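Please find one structure pasted underneath; my questions will follow.
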Amino acid sequence: MIPFVRDMAFEYGQPDAVSPLIRRVVANNPGPFTYFGTGTYIVGHGEVAVIDPGPLLDAHLDAILAATAAERISHILLTHTHLDHAPLAYPLQHRTGAVIYGLDEPRHQTDEGDEDPRSAADEAHRFRPDVTIADGQILSGPGWTLEAVFTPGHASNHVAYALTEENALFCGDHIMGWSTTVISPPDGDMSQYYASLDRVQARGFEVLWPTHGPPITEVTPFVEAYRNHRLARERQILGELRQGPATIADMIPRLYRGVDKRLHVAAARSVLAHLIHLVRTGQVDCEGPLNLTSYFKLISNSTMGAGS
Ligand SMILES: [Zn+2]
């Protein structure tokens, strides 16, 4: 079981000093993927960095500006370019002159064998930060030091930021206290996700600050449980395929028994992410293109490692 943490005291638009160097302002965009809303972090005092400005909401822009009224925002850092994290970076930059750091929005990708519905015009509107950050790059201001830690998986361009002074990690949507994170192929990638979890675990951070929800303070057991949850799902999928070849649609009702049917579409993408990983690691075979409608079958010698 994942030891979820879900309690968080806050008021929309009001900055909270949550550590000596960190303030958090929550945007009013609650939802099934954002929990209470986007938590924008302000790091430092006087000359500050803003991490994940959030969605295009005027009230949230005003709240960030009010929270930093007598200060200068020198850096805007993005964990990734999803709509609940990045779009407010441009208006905030317009008002403050801050430099935007992160990784370009990925090119639109589709499952193998699917049509790409996005036009060349859309391609021109990809989000691009001013500075393409490098893994391990250090950004600093008075009294604070942030290190970029590449953590692809939820998104191919996902970057976490380590705050050296507090041995803390702003982990974006890579790890969330209130929920598991969405891994939706082809941009979401389960193999990369596992590697990024290991990477965070190896660093021994004292606290994780996700963009949504409260901090995670029992980092090692939490990340361990988070990883085990994915591995358990993987074993269930292998168990399904041990009964014979199957499509994702065949497996979903059994894998997600008791789960609201409206969530089955998202669940199918998550199972696809697992299956892509299992194909890559030589445990599962797939006939034809690897997508939501493929037929999957177990590679016989993989039954040995599948447990039960
Ligand atoms: Zn998010």
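Note that these values count all heavy atoms, side chains included, but never hydrogens, waters or copies made by symmetry. Remember, it's 1-based here, ligands and their atoms both numbered in the order they're listed. Numbering starts at 1 and runs along the sequence shown. This is a predicted model, so every value here is computed, not measured.
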Assess whether a salt bridge exists between Arg199 and Asp135, defined as any Lys/Arg side-chain N lying under 4.0 Å from an Asp/Glu carboxylate O.
yes
Inter-residue atom distance Ile2.CD1 - Phe222.CZ, 0.5 Å rounding:
6.0 Å
N, O or S atom of His85 closer to the Zn ion (ligand 1) than 2.8 Å
yes
Quick test of your reading: applying ring-ring contact (aromatic ring centres under 6.0 Å, His included), list the pairs with at least one residue in residues 53-103, sequence neighbours left out, ordered by first then second residue.
His75-Tyr101, His75-Trp144, His80-His82, His80-His85, His80-His154, His80-His158, His82-His154, His85-His212, Tyr90-Phe127
Taking both backbone and side chain into account, is any N, O or S atom of His82 nearer than 2.8 Å to the Zn ion (ligand 1)?
no
Charged N to carboxylate O under 4.0 angstrom, Glu105 versus Arg128?
no
Please state the angle at the Zn ion (ligand 1) spanned by OD2 of Asp173 and NE2 of His212: what is it, rounded to 10 degrees?
120°
Taking backbone and side chain together, does Asp84 place any N/O/S atom at a distance below 2.8 Å from the Zn ion (ligand 1)?
yes
